[in-house]
Amino acid sequence: MKQMRLPYHIVEPPKAVRRARLDNIALVPASLLFQKEKYQTIANNLPAGGVLICQSNKTQKISRILERVAKLFQEKGHFVRMLPYSLI
């Protein structure tokens with residue numbers, strides 16, 4: 001059976017995130033939500049407008065996507081902190 005590939009095209013953060021005007025944003029995979037308080041504490045300690053991005057595994061494809069997301073947030077003036085798989 002051939003595996004279906006879905007293309008990813010990220011142009012900017014979703015409108016709902018931009019409109020929310022949140023103090024800080026944390027992008028945490030569902031598989032890591034059992035440690036929600038840990039990531040919430042880290043996100044709360046970022047400068048106002050900061051973004052925390054956590055990676056749940058170390059595949060190159062996901063790493064590239066998250067790097068693009070981080071770059072887009074940085075271009076919009078946000079401080080971005082990425083937690084790689086090895087630190088989680």
Side-chain angles (χ1 to χ4, degrees):
M1 183 175 188
K2 191 174 184 178
Q3 184 178 7
M4 187 170 103
R5 295 181 137 203
L6 298 175
Y8 290 92
H9 182 71
I10 302 169
V11 290
E12 59 183 77
K15 288 180 184 178
V17 171
R18 292 193 320 265
R19 278 187 299 215
R21 295 185 184 158
L22 303 171
D23 289 337
N24 294 323
I25 300 167
L27 303 174
V28 180
S31 61
L32 298 175
L33 287 180
F34 68 94
Q35 295 180 337
K36 175 183 164 187
E37 291 80 19
K38 172 183 174 181
Y39 302 111
Q40 187 172 14
T41 300
I42 295 169
N44 288 342
N45 288 315
L46 294 175
V51 178
L52 172 66
I53 300 175
C54 301
Q55 185 174 342
S56 65
N57 60 42
K58 51 186 174 184
T59 65
Q60 286 184 342
K61 183 176 182 178
I62 292 174
S63 294
R64 286 193 309 267
I65 292 168
L66 292 177
E67 286 170 9
R68 289 178 65 198
V69 170
K71 182 179 176 185
L72 289 166
F73 274 111
Q74 289 169 335
E75 288 172 356
K76 299 290 182 181
H78 296 274
F79 171 84
V80 176
R81 179 168 180 205
M82 291 188 68
L83 288 181
Y85 175 78
S86 60
L87 294 179
I88 295 175

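When a residue number appears, it is its place in the shown sequence, counting from 1. Small disclaimer: the values here were computed from a predicted structure and weren't measured.
No side-chain heavy atom of V51 sits less than 4.5 Å from a side-chain heavy atom of F79. Looking only at side-chain heavy atoms (C-beta outward), F73 and L27 come within less than 4.5 Å of each other. Between R81 and L46, the closest side-chain pair of non-hydrogen atoms falls below 4.5 Å. The closest side-chain heavy-atom distance from L83 to Q55 is not below 4.5 Å.
To the nearest 0.5 angstrom, N45 atom CG is 10.5 Å from L52 atom CG. Here the straight-line distance linking atom CG of L32 with atom NZ of K38 works out to 8.5 Å at 0.5 Å rounding. With rounding to the nearest 0.5 angstrom, the CD1 atom of I62 is 12.0 Å from the CD atom of E67. M82 contributes atom CE, which lies 7.0 Å from atom OG of S63 (distance to the nearest 0.5 angstrom).
In plain terms, the two heavy atoms of L66 and C54 that are nearest each other are CD1-O, 4.2 Å. Closest approach of N24 to A43, counting heavy atoms only: ND2-O, 2.8 Å.
When the shell of 6.0 Å around CD of E75 is examined, it contains more than 12 heavy atoms from other residues, nucleotides or ligands.
Applying the side-chain contact (heavy atoms from CB on, under 4.5 Å) criterion to Q40, with sequence neighbours excluded, gives K36, N44.
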